Amino acid sequence: MAERPAILFVCLGNICRSPLAEAAFRREAERIGLDVAVDSAGTGDWHVGEPPDRRAIAVARANGVDISGYRGRQVTAADFDRFDHVVALDLANLARLRALQPAGSRADLSLLLDHVPGREGEPVADPYYGADAGFDTTWADVTAGAQALARRLAGPE
Ligand code: 4NP
């Protein structure tokens, strides 16, 4: 690829799952020396301009990544041209993205866990209304997806 690939992770609120996917992917890309542009967004607009959920900030911090400076934003039509890969965290958001994608735009849409062999079709569950421990599961899921996607983008060994 001539230019570095650009990846956008998308969930509902952009304060729990997609900022964690962005963080896990940044860390993995750095680890394997992959030059990429990375961002995250939500299909909803309730948390635009807000930092991630404090539980998401805590689990990222526990895993060595500071996401406290991230700010929520909503997906825009321009994102489908700015990003090569728009990666949904669950099927409802993937369906929403398919409906929003302008005809002729270049982004490839996928579900995060479709990149993980054996986990195709699985959502990353929404931890927002659950217990704190749900965020450890979210971190494990987004890390698995981020590692598989980063490896795929890095190309064959
Ligand atoms: P996220 O979680 O989509 O993983 O950021 C949510 C955050 C907020 C809401 C729903 C899900 N909400 O309804 O405000």
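Numbers here simply count residues along the sequence, with the first being 1. The figures that follow rest on heavy atoms only: side chains count, while hydrogens, waters and symmetry mates do not. Keep in mind it's a predicted model, so treat the numbers as computed, not measured. Numbering of ligands and ligand atoms starts at 1, following listing order.
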* Asked: Hey, quick one: are Val86 and Phe25 part of the same hydrophobic cluster, counting side-chain heavy atoms closer than 4.5 Å, chains of contacts allowed?
  -> no
* **Atom indices of ligand 1, in the order listed, that fall short of 4.0 Å to a heavy atom of Ile15** => 5 (O), 7 (C), 8 (C)
* **Heteroatom distance test (Trp46, ligand 1): nitrogen or oxygen, under 3.5 angstrom** => no
* Asked: Between the side chains of Ser110 and His85, is a donor N or O closer than 3.5 angstrom to an acceptor N or O?
  -> no
* **Atoms in ligand 1 with a heavy atom of Tyr129 nearer than 4.0 Å** => 12 (N), 13 (O)
* Got the closest protein heavy atom to atom 1 (P) of ligand 1, with its distance? -> Cys11 SG, 3.5 Å
* **Distance-only donor-acceptor check, side chains Ser105 and Asp81, under 3.5 Å** => no
* Measure the distance from atom 2 (O) of ligand 1 to every protein heavy atom, then report the residue, atom name and distance (to 0.1 Å) of the closest one. => Asp126 OD1, 3.3 Å
* Considering non-hydrogen atoms only, spot the tightest contact between Ser40 and Ser18 and give its length. => CB-O, 3.5 Å
* Asked: Taking distance alone, with no angle check, do Pro127 and ligand 1 share an N/O pair under 3.5 Å?
  -> no
* Give the intermediate values and the outcome of side chain to side chain contact (heavy atoms under 4.5 Å, CB included) for residues Leu109 and Gln101. => CA-CA 9 Å; Leu109 269 50; Gln101 181 167 31; 3.7 Å; yes
* Which ligand 1 atoms does Cys16 reach within 4.0 Å, using its non-hydrogen atoms? -> 1 (P), 2 (O), 4 (O), 5 (O)
* Asked: For atom 8 (C) of ligand 1, what is the nearest protein heavy atom, given as residue, atom name and distance?
  -> His47 NE2, 3.4 Å
* Asked: Taking all non-hydrogen atoms of both residues, which atom of His47 and which atom of Gly13 are closest, and how far apart?
  -> CB-O, 3.6 Å
* Asked: Are any of the N or O atoms of Ser18 closer than 3.5 Å to those of ligand 1?
  -> no
* Can you name the one residue among Val116, Leu91, Val87 that meets side-chain contact (heavy atoms from CB on, under 4.5 Å) with Leu111? -> Leu91
